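A quick note: this is a predicted structure, and the numbers were derived from the prediction, not measured. What you see below is based on every heavy atom in this structure, not just the backbone, and it leaves out hydrogens, waters and symmetry mates.
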Amino acid sequence: MNHAEVRSRQIILLASIVGIVSIIFMSNKMGDNGLGYFVAAFESFLLLYMLFVMPISEAVEKLVRLRLSKGQYKNAGRVLNVAMLYAVIIGLICTAIFYSVSRLWFEKILLVPYAVQAMYFIAPIVLISACINALKGYFQGTGTAMPTAVSHIARTLFFITFSLFFSLSFKEYGEKVSGLLRNGDFSGMYVSSGIALGLLSAAILVFLFVMFVYIGAGRRQKSKFSKDTSSKQEKYSELLGAMLRSILPTGLIGLLLIMPNCLGLFFYQRKQEDIYQSIKRYASFGGKYEVWVVLILAAVSLGLVSMVHKITIIMKREEYKLVREQIQAGIIWTFISTMGVTVFFTVLGESIMAATYPASFELEGKMFAQGSLIFL
């Protein structure tokens with residue numbers, strides 16, 4: 001990890017923190033039912049995204065970096081070709097799965113029927129994100145970290161802008177439908193669809209940006225190909241196998257991280273007499289409590305990035321005593337910071353929730369009072 005990559009990861013975390021903060025304040029505009037529908041749709045989307053799409057960039061980065069270190073520029077280009085082919089195929093398959101089973105999934109399994117429409121807007125993101133991750137992995141493998149950082153900033157800004165615009169527009173229409181049908185849940189359904197459409201719009205624009213950067217770098221890429229002295233060209237099947245061996249273990253870990261949420265929603269809804277009212281309470285957990293947890297962990301991770309960079313440099317110098325000291329310092333810093341956050345939210349969690357979500361904060365306050373140990 002070089003200095004540019006450290007800065008890139010710090011920028012990515014900062015952009016993520018800004019995006020999470022925007023979600024926190026957008027929650028009041030969405031309403032509890034709209035937030036619950038969006039959370040149910042997004043967590044369902046993450047099941048396939050975490051398994052097949054999220055690990056693409058890391059896998060491509062490793063394969064490209066290894067080949068470039070050996071001067072195999074053409075093989076590095078072939079890695080990108082394989083990655084893009086995989087991204088398109090797996091993206092189309094996952095999108096088709098989402099469109100074909102969403103109604104069954106939400107109406108019969110999760111018992112959140114009004115999340116279907118949001119899922120229809122979210123579904124294409126898996127294809128777009130797969131292509132974006134393939135290109136970002138290629139950039140990172142060539143040592144160019146800034147396109148990844150800039151794309152995260154752009155995604156955050158686009159998401160905030162378009163989500164606010166579409167959610168407010170859809171909310172107005174949803175309120176009219178709710179008034180005509182005398183069912184307030186339609187307003188939440190349309191608001192969640194607006195947020196999902198904003199997410200889709202942001203993904204499309206980021207893909208266009210990353211493609212523009214790649215096309216702009218094409219001339220430099222051709223000059224590197226001419227310097228390739230390697231005689232062996234790897235088969236596409238070999239490269240695909242190597243990529244899958246890197247993707248699947250990471251993907252399974254990601255799947256295990258998100259699966260408890262979907263299983264929890266599955267069992268939770270089956271215990272409720274009114275599944276339409278219960279999704280509002282689930283929004284307090286998945287759309288508020290967990291969002292705050294991710295925000296705090298992202299902030300802690302921001303401080304750890306530079307420490308990890310220092311440890312990497314010291315390990316290369318084989319100064320293992322200093323490595324041990326840096327690791328101990330990192331553990332102590334993490335423990336002290338998370339302990340402070342735990343005490344802070346245990347004592348003031350309810351007050352913070354009351355200030356952030358004035359319309360509904362009792363349940364969120366109890367969650368932080370009783371569940372702040374999760375930060376440790």
Side-chain angles (χ1 to χ4, degrees), residues 1-16 19 49-50 52-88 90-91 128-156 203 205-225 228 234 239-240 242-251 253-254 298 301-302 304-313 315-316:
M1 187 189 299
N2 56 39
H3 185 70
E5 290 174 331
V6 172
R7 290 299 180 196
S8 175
R9 295 191 182 189
Q10 289 175 333
I11 291 171
I12 290 169
L13 284 169
L14 281 172
S16 300
Y49 176 83
M50 298 291 274
F52 296 114
V53 176
M54 185 199 68
I56 292 176
S57 59
E58 183 180 348
V60 173
E61 177 186 357
K62 290 178 181 177
L63 294 176
V64 170
R65 195 184 295 272
L66 177 62
R67 279 142 189 84
L68 291 181
S69 66
K70 299 177 181 178
Q72 299 176 359
Y73 296 101
K74 291 182 180 178
N75 284 335
R78 291 169 77 86
V79 170
L80 178 60
N81 294 337
V82 170
M84 288 300 290
L85 179 63
Y86 168 84
V88 171
I90 202 68
I128 301 167
S129 295
C131 296
I132 291 172
N133 285 358
L135 290 167
K136 288 196 300 186
Y138 180 75
F139 290 137
Q140 291 163 195
T142 59
T144 308
M146 287 314 295
T148 299
V150 174
S151 67
H152 273 80
I153 296 172
R155 185 193 289 268
T156 300
L205 290 174
V206 169
F207 173 70
L208 293 175
F209 165 75
V210 175
M211 279 298 300
F212 177 78
V213 174
Y214 174 72
I215 293 170
R219 191 174 298 176
R220 185 177 62 181
Q221 184 183 22
K222 289 179 181 179
S223 65
K224 287 185 176 180
F225 281 1
D228 193 336
E234 294 181 87
L239 293 172
L240 178 61
M243 191 170 71
L244 289 176
R245 286 192 293 272
S246 180
I247 286 175
L248 291 179
T250 306
I253 294 173
S301 299
L302 186 63
L304 289 174
V305 170
S306 58
M307 290 186 182
V308 173
H309 177 51
K310 290 179 183 177
I311 292 171
T312 304
I313 293 174
M315 286 187 69
K316 288 180 180 179

Inset, instruction - Give a yes or no on whether the backbone of Lys136 and the side-chain of Ser57 come within a donor-acceptor separation of less than 3.5 Å. - result: no
Legend entry - Leu135 and Met84, any side-chain heavy atoms less than 4.5 Å apart: yes
Legend entry - Worked verdict on Tyr73 versus Leu68 for side-chain contact (heavy atoms from CB on, under 4.5 Å): CA-CA 6 Å; Tyr73 296 101; Leu68 291 181; 3.3 Å; yes
Legend entry - Rounded distance (nearest 0.5 Å) linking atom CD1 of Ile90 with atom OH of Tyr49: 13.5 Å
Legend entry - Approximate separation, where rounding is to 0.5 Å, of Met243 CE and Leu248 CG: 10.0 Å
Legend entry - Nearest atoms (heavy-atom pairs only) where Leu244 meets Pro249: O-CD, 4.2 Å
Legend entry - Value rounded to 0.5 Å, distance of CD in Glu58 from OG in Ser246: 6.0 Å
Legend entry - Rounded distance [0.5 Å steps], CG in Leu85 versus CG in Leu80: 11.0 Å
Legend entry - Distance (rounded to the nearest 0.5 Å) between Thr144 OG1 and Phe139 CZ: 7.5 Å
Legend entry - Trace of the side-chain contact (heavy atoms from CB on, under 4.5 Å) decision for Arg67 with Glu234: CA-CA 10 Å; Arg67 279 142 189 84; Glu234 294 181 87; 2.5 Å; yes
Legend entry - Leu13 side chain reached by His152 side chain, heavy atoms, under 4.5 Å: no
Inset, instruction - Give, for atom CG of Leu208 and atom CD1 of Ile128, the distance between the pair rounded to the nearest 0.5 Å. - result: 9.0 Å
Legend entry - Minimal non-hydrogen separation, Tyr86 against Ile56, with atom names: CE2-CD1, 3.6 Å
Legend entry - CA sep, side-chain torsions, deciding dist, call: Cys131, Val88, side-chain contact (heavy atoms from CB on, under 4.5 Å): CA-CA 7 Å; Cys131 296; Val88 171; 4.1 Å; yes
Legend entry - Val210/Tyr214 under side-chain contact (heavy atoms from CB on, under 4.5 Å): CA gap, chis, key distance, verdict: CA-CA 6 Å; Val210 175; Tyr214 174 72; 5.6 Å; no
Inset, instruction - Scan Val150, Leu205, Ile132 and name whichever one has a side-chain contact (heavy atoms from CB on, under 4.5 Å) with Arg155. - result: Ile132
Inset, instruction - Check whether any side-chain N or O of Asn133 sits under 3.5 Å from a backbone N or O of Pro55 as a donor-acceptor pair, and report yes or no. - result: no
Legend entry - Main-chain N/O of Gln140 paired with Arg65 side-chain donor or acceptor, under 3.5 Å: yes
